[in-house]
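Nothing fancy with the numbering, it's 1 onward along the sequence. Numbering of ligands and ligand atoms starts at 1, following listing order.
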Amino acid sequence: MSEPTIESVLHEARLFQPPADFSQQAHIKSLEDYQKLYDKAKANPEAFWAELAEQELHWFQKWDTVLDWQPPFAKWFVNGKINISYNCLDRHLTPERRDKAALIWEGEPGDSRTFTYAQLHEEVCRFANGLKQLGIHKGDRVGIYMPMIPEAAIAMLACARIGAIHTVVFGGFSAEALRDRMVDGKVKLVVTADGGWRKDAIVPLKEQVNKALADPATASVEKVLVVQRTQQATEMQADRDVWWHELEPTLSADCPAEPMDSEDVLFILYTSGSTGKPKGVVHTTGGYNLYTHITTQWIFDLQATDVYWCTADVGWITGHSYIVYGPLSNGATSLMYEGAPRPSNPGCFWDVIEKHKVTIFYTAPTAIRTFIKMGEDLPKARDLSSLRLLGTVGEPINPEAWMWYHRVIGGERCPIVDTWWQTETGGILITPLPGAIPTKPGSATCPFPGILADVVDLDGDTVGNNEGGYLAVRYPWPGMMRTVYGDPDRFRRTYWEHIPPKDGHYTYFAGDGARRDEDGYFWIMGRVDDVINVAGHRLGTMEIESALVSHPAVAEAAVVGKPDELKGQDIVAFVTLEGSFSPTEALGKELKQHVVKEIGAIARPGEIRFADALPKTRSGKIMRRLLRGLAAGEEISGDTSTLEDRGVLDRLREGT
Ligand code: PRX
């Protein structure tokens, strides 16, 4: 485990008060109100969550126990019956809300669709009936490998409606990565599209599905439901593949939501860890619904007329919680965009804001840094005056990028919520509440009410103010993951044993370094394990290493992150070759391409460095700390006495 470093933002002292007019009409209006909520939740978390659950959600049957905590396994709202699709759709079919836009969608080529709550409800019911017709029952797993089109959200809600468990795989993952997830999740049906638009090109998703399913290990997959989007020729397998547009006209739009147990699994989402293959993070229904609902409402300060846009992909947790479930559970208007800034339209984000009068905009620091590079003229040429709140997520935001976002996009009037959370946490845990908490550029500020966050050492003791430590949570919360799919031991080891339990009290270990300042503000320093964050995408170094060593030329590989101005981190791979291969530029390119094939373009190493050996300890462990230093071009200092062959380091430094 590496030590968190705290230098970069140690001296940031600017403070931005919530604008008075914003606070006046906000859900949480002042620091005092926040403090009251926080204290109330801390004094009796179960009562706090129960009150919100009762007030904010529809239950078919009330729970009898709020929390059953058998560390590290939690059950929330035990024996409650609920359906998140019902909470996102049916209960908004009131005369006032049924004709409100639920989903506004913009396609990359410029096509656009809007679904009112009544229309979205109908589409979801039809899709759910389609799933049933194709043999899907409660508890079955459905893979969703989709571009950013409305049917991705519709498929998720349709699964939730009938109690099928969805597992969404980001459309940028390769056929191999898709296959691994389908096998691990024992998926019965895959929802996909012929293709999607990405940066002026078609990503042929169905082709990838065909490749993935050619592997006999995916035999659990019986059907593939294909949405037509890009209309290129697509190979369909007669007994397995079904076009959505052919099935749809045969389906009824009547499909009552299945009352689910609070703890029935809602979805599995794969994410990278420091060891082994990506793990299936399991989220269940009741607690997740409540947590995403209330965090969306308070953190994005949703008001009836807001147009809310989160730029994430539904393939990641941000898309699950803050494009689909959180906003729709609140009856908000959620905007979904297929495209990304691209050579043919670098200002497309600002066009979307201007066109739809977006009021809340939530994106990633890496996107903001890219906008900075593209210059102020692009956003300044558009009318962004509809914006009233900005958010960021996915990686630490450097104060300069924060200031640019505040000044150029927010016109110095919009509060910024820098939201810290993870796939595992289900929703945002540390964040400003925009009408209440003054912000400091680069700090995610304070824990959400009900979240007992802390910065600790490896004994679990709280460290002093401004000392680096490990980010931890002391008490369960409704949105937390319940387990690793099929591997409860891995769940226990990864999150609950790094910090030894004391007197029966378990502490959640997030894998991030952090410090808390004298005002109690949290500053997140990045991962302390072998997970790297490349342009806001989370990748395990070991996954990339496994991909590299599966190439016949590679004997050994060690992957580290190196600081990158735009992406936050870039991937550097140190590689030793099998005897008959020599280090050439062509081989370097081939290895990068090989990683793309095995995982996806998001994992393409920025740099491959050939070496004759890797620096190891006498017990054979690769010394990544040294490699990280080398990759960053630093002078190697610190203790190298455990290094087995000191010559290795000199040769690596010289670039042999
Ligand atoms: O390192 C933290 C970083 O992203 C990790 C979680 O990645 P993932 O599960 O893919 O979820 C990303 C979206 C929630 C965290 O362990 N991270 C996320 N948000 C922030 C952050 N680091 C600093 N500041 C943030 N606001």
Side chain, backbone, both or neither: which part of P396 comes within less than 4.0 Å of ligand 1 when only heavy atoms are counted?
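The part of P396 near ligand 1 is both the backbone and the side chain.
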
[options]: member with heavy atom nearest to [atom]:
| atom | options | answer |
| --- | --- | --- |
| atom 8 (P) of ligand 1 | T425, V393, T423 | T423 |
| atom 10 (O) of ligand 1 | R527, R538, H537 | R538 |
| atom 14 (C) of ligand 1 | W421, W523, F522 | W421 |

Among all protein non-hydrogen atoms, which one is nearest to [atom], and what is the separation to 0.1 Å?
| atom | value |
| --- | --- |
| atom 3 (C) of ligand 1 | G394 O, 3.3 Å |
| atom 13 (C) of ligand 1 | T318 OG1, 3.4 Å |
| atom 15 (C) of ligand 1 | D512 OD2, 3.1 Å |

With a 3.5 Å distance limit and no angle check, can you tell me whether R181 reaches the backbone of A177 through a side-chain donor-acceptor pair?
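It does hold such a pair.
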
Salt-bridged, [X] to [Y], with N to O below 4.0 Å?
| X | Y | result |
| --- | --- | --- |
| K279 | D184 | no |
| R538 | E424 | yes |
| E545 | R624 | yes |

Ignoring hydrogens and angles, state whether a donor on the side chain of Y485 or R141 is under 3.5 Å from an acceptor on the partner side chain.
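Judged by distance alone, the side chains do pair up.
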
Check ligand 1 against [X] and write out every atom of the ligand that is under 4.0 Å from a heavy-atom position of the residue.
| X | value |
| --- | --- |
| N533 | 3 (C), 4 (O) |
| I524 | 22 (N), 23 (C) |
| T419 | 19 (N), 20 (C), 25 (C), 26 (N) |

Among T295, T292, T296, which residue meets the side chain to side chain donor-acceptor pair (under 3.5 Å) test with Y322?
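Between Y322 and the candidates, side chain to side chain donor-acceptor pair (under 3.5 Å) is satisfied uniquely by T295.
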
Set of side-chain contact (heavy atoms from CB on, under 4.5 Å) partners for P379, sequence neighbours left out:
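Once residues adjacent in sequence are excluded, the partners of P379 under the side-chain contact (heavy atoms from CB on, under 4.5 Å) criterion are W350, L384, W404, V408, I409.
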
